[in-house]
*Asks:* 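The following block contains the structure, expressed as structure tokens.
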Amino acid sequence: MKAKVHITLKTGVLDPQGKAIEKSLDHLGFDGIGEVRQGKVIEIELAETDEAKARAAVEAMCRKLLANTVIENYAIELS
Amino acid sequence: MKSAIVVFPGTNRERDMAKALTLVGGTAPTMVWHGDADLPQGLDLVVLPGGFSYGDYLRSGAMGARSPVLDAVKRHAEAGGYVLGVCNGFQILAESGLLPGALMRNRDLRFICRDVHLRVETADSPFTQAYGAGEIVRVPVAHHDGNFFADEQTLMALEGEGRVAFRYCDERGLAAEETNPNGSRDNIAGILSANRRILGMMPHPENLVEPALGGTGGRPLFESITEALS
């Protein structure tokens, strides 16, 4: 089983890198760009085959290490 | 004062810190490796110095905060021990939950390496008692991720309990957007724990402790902690 963890900044947390990307896209002539937010994706291969157990394990990984929940949200995708 | 400095792979300010502690405190600190499960017996102060522990992988301080020695640092803190985290050390303290908030990428995305002015916001702590409240000092910063973030509730608690130790300002003491080098909320440069025995700060007081280094703005911090622990 494979887990894909999407980590994004919480609403209200300023994202200077997203802002820089937003400006750069505008500079390159892309119209209609709204707010840009940058995050990260972490892919994890898992030996676990039970989806509920895998999700619980990845949740724990997110809380303990992968995300800083002071500033970040996380979403888990299993396949 | 019996002190120790924790060294992680990628730490690079441990010798400056050892020099300052020895010069002002009179006793050389012990160096502790990040993989150690225990700290030396009878320690008063643990210092997490500056650098780039674990190459700043994942987030600055994230790996250091989960290294074996941090469990020992947490036990030391829970038993009322003193902890000082400077720069990467502050990032590790925030990542480990020993201090609230987070240190994010600098507002202008640039690595900042220069002297800044700080206003001492409280002299009521073992780290700042040799300063005067409101005193303005000059010390260097050298960081890419020093932009202090905390939610409104946490900020109110820090302000209400007098736990903001230092604020970025200009040479006259004006703390405003234009004197904020990295975008930190409310110009916060350093904060204290609830029991005031843990201090995390982005600037480097250990780099200005004798005139030959260009100033002594950081020296009272080491005088404070030496006095508190002697």
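The chains referred to below are lettered A, B, ... by the order of the sequence lines, with proteins before strands, and numbering in each begins at 1. Predicted model only: the values in this text are computed from it and were never measured.
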*Asks:* Heavy-atom distances under 4.5 Å only: say whether I42(A) touches chain B with side chain, backbone, both or neither.
*Replies:*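 For I42(A), the contact with chain B is made by the side chain alone.
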*Asks:* Among L66(A), L65(A), D15(A), which has the most heavy-atom pairs under 4.5 Å with chain B?
*Replies:*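 Highest number of pairs under 4.5 Å: L65(A).
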*Asks:* If you count the non-hydrogen atoms of other residues, nucleotides and ligands that lie under 6.0 Å from CZ in R15(B), is the total more than 12?
*Replies:* no
*Asks:* Within the supplied structure, the quantity of interest is the number of heavy atoms (other residues, nucleotides, ligands) at a distance under 6.0 Å from K40(A) NZ; does it exceed 12?
*Replies:*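 Counting other residues, nucleotides and ligands, NZ of K40(A) exceeds 12 neighbours.
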*Asks:* If we check side chain to side chain donor-acceptor pair (under 3.5 Å) with N182(B), which of these qualifies: H144(B), R110(B), H143(B), R107(B)?
*Replies:*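 Single side chain to side chain donor-acceptor pair (under 3.5 Å) partner of N182(B) among H144(B), R110(B), H143(B), R107(B): H143(B).
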*Asks:* Side chain from CB out, backbone as N, CA, C, O: work out which of these in N106(B) comes under 4.5 Å of a heavy atom of chain A, or both, or neither.
*Replies:*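 Just its backbone gets close to chain A.
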*Asks:* Would you say K10(A) has more than 12 foreign heavy atoms packed within less than 6.0 Å of its NZ?
*Replies:*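 For K10(A), atom NZ is crowded (more than 12 foreign heavy atoms under 6.0 Å).
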*Asks:* Using heavy-atom distances under 4.5 Å, tell me whether L109(B) contacts chain A through its side chain, its backbone, both, or neither.
*Replies:* side chain
*Asks:* Is atom CZ of F111(B) surrounded by more than 12 heavy atoms (other residues, nucleotides or ligands) closer than 6.0 Å?
*Replies:* yes
*Asks:* With a 4.5 angstrom heavy-atom cut-off, which part of R66(B) approaches chain A: side chain, backbone, both or neither?
*Replies:*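 Side chain only.
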